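Just so you know, these numbers come straight off a predicted model, no measurement behind them. Within every chain, numbering begins at 1; the chains are lettered A, B, ... in the order of the sequence lines, protein sequences first and strands thereafter.
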Amino acid sequence: MPELPEVETIRRGIAPHLIGRRVESVVVRQPRLRRPVPAELAEHLDGQPLQAVGRRGKYLLLHFPNGTLLIHLGMSGSLRVLPGASPAGRHDHLDLCFEGERRLRLHDPRRFGLVDWQALGTTHPWLARLGPEPLDADFHAQWLTQQAAGRRRPIKSLVMDSAVVVGVGNIYANEALWQAGIHPRRPAGDLAPPELVRLVEAIRQVLQAAIAQGGTTLRDFTRADGRPGYFAQSLAVYGRAGEPCNRPGCGGRIEQTVIAQRSSYYCPQCQPAP
DNA sequence: CTAAGGACCTGTCGGC
DNA sequence: TGCCGACAGGTCCTTA
């Protein structure tokens, strides 16, 4: 479900409710996510005050004095801040109960999510090989050019590779390629320098616009308070197969195909095939 | 090294 | 109405 804009929206949503509060208890109802939730989570967290809520790619980072709790929401995960006594439903796998009757609840029907502990002063293996943040200055055309050089894999698959750049999932990869006028199946190494410049700019722009709208709600994404995100109405290609291209004067119709096992959308007019 | 495909899960939707 | 397959916002691991 969540790509970078959705995770950032959640980060901003939960932080003000929880920062400065101590964890009073941890409830694990279902430890079997993609990896088992560590059994000693409560020992790490009990009594610790939450100092900050960060994000690296699609990982949320809950910083405590003794370490960091990593949360990845996978395809279907969501987090809500709830009152202290909120009855749990199906797929409510984990609660962090904070002082002052605040409860952070992880809900994840598909259980592709991840939760793990990173001790102070260590780097978790999940974070060790991540590429630059797309909205930071070290994500630039020169970096993408270096990553694309000599690669035959489709450009869409390259920009979705978290070692190249983090946080770009299926929706925003499709959107950014449309905005840059690049066909998703083009071999990465064949892109011309101006195309790579445009693509970097498009990725930045699409992600920033989506964050400003609170992310994309297709079916079940909600912010920490339960509201949807409004970027869905700004999607140019994702989920729009058969509909007309939005580019003024284009007149193409959006097509759908599969690239690297993921649904891919593009306009055959303004994103010429390889 | 690169790239592709399966695996992990449940829910929903469309077709018959 | 009910069943069955396809598909869904992600990543890790194995295989070629």
Notebook entry, point to check: DNA chain B: A:Gln261 or A:Arg151, which has the more 5' nearest nucleotide?
Noted result: A:Arg151
Counting the atoms with a prime plus P, OP1 and OP2 as sugar-phosphate, which does [X] contact under 4.0 Å by heavy atoms, base, sugar-phosphate, or nothing?
X: A:Ser162; answer: nothing
X: A:Tyr59; answer: sugar-phosphate
X: A:Arg262; answer: base

Next item on the list: Return no unless some side-chain N or O of A:His72 is found under 4.0 Å from OP1 or OP2 of C:dG10.
Entry: no
Answer yes or no: is there a donor N or O on one side and an acceptor on the other, between the side chain of [X] and the main chain of [Y], under 3.5 Å?
X: A:Gln271; Y: A:Pro184; result: no
X: A:Asp108; Y: A:Gly113; result: yes
X: A:Ser86; Y: A:Leu82; result: no
X: A:Glu133; Y: A:Phe139; result: no

Distance, rounded to the nearest Å, where [X] contributes [atom1] and [N] contributes [atom2]:
X: A:Asp161; N: B:dG5; atom1: CG; atom2: P; result: 16 Å
X: A:Leu114; N: C:dT11; atom1: CG; atom2: P; result: 9 Å
X: A:Gln256; N: C:dA6; atom1: CD; atom2: P; result: 15 Å
X: A:Leu60; N: C:dT11; atom1: CG; atom2: P; result: 12 Å
X: A:Tyr238; N: C:dC7; atom1: OH; atom2: P; result: 12 Å
X: A:His124; N: C:dT11; atom1: NE2; atom2: P; result: 14 Å
X: A:Gln146; N: B:dC1; atom1: CD; atom2: P; result: 15 Å

Next item on the list: Confirm from the modelled atom types if A:Glu3 and C:dG10 form a donor-acceptor pair under 3.5 Å, side chain to base only.
Entry: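 Counting by modelled atom types and ignoring angles, no donor-acceptor contact under 3.5 Å is found here.
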Note to self: Any carboxylate oxygen within less than 4.0 angstrom of a Lys/Arg side-chain nitrogen, looking at A:Asp225 and A:Arg223?
What the structure shows: no
Notebook entry, point to check: Parallel, tilted or perpendicular: which fits the ring planes of A:Phe64 and A:Phe98, with parallel below 30° and perpendicular above 60°?
Noted result: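 Answer is parallel, since the angle falls under 30°.
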Next item on the list: Quote, to the nearest angstrom, the P distance that separates C:dT14 from B:dC9.
Entry: 16 Å
Notebook entry, point to check: Between C:dT11, B:dA3, C:dC13, which one does the side chain of A:Arg35 approach most closely?
Noted result: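 It is C:dC13.
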Check: Which of the following nucleotides, C:dG10, B:dA4, C:dC12, is nearest to the side chain of A:Pro154?
Finding: B:dA4
Check: Under a 3.5 Å cut-off for both distances, is B:dC9 Watson-Crick or wobble paired, and to whom?
Finding: none
Next item on the list: Kindly work out whether a path of hydrophobic side-chain contacts (I/L/V/M/F/W/Y, heavy atoms less than 4.5 Å apart) joins A:Val166 to A:Leu199.
Entry: no
Check: With the sugar-phosphate defined as primed atoms, P, OP1 and OP2, and the base as all remaining atoms, what B/S/- string results for nucleotides 8-15 of chain B, 5' to 3', for protein heavy atoms under 4.0 Å?
Finding: BBBS----
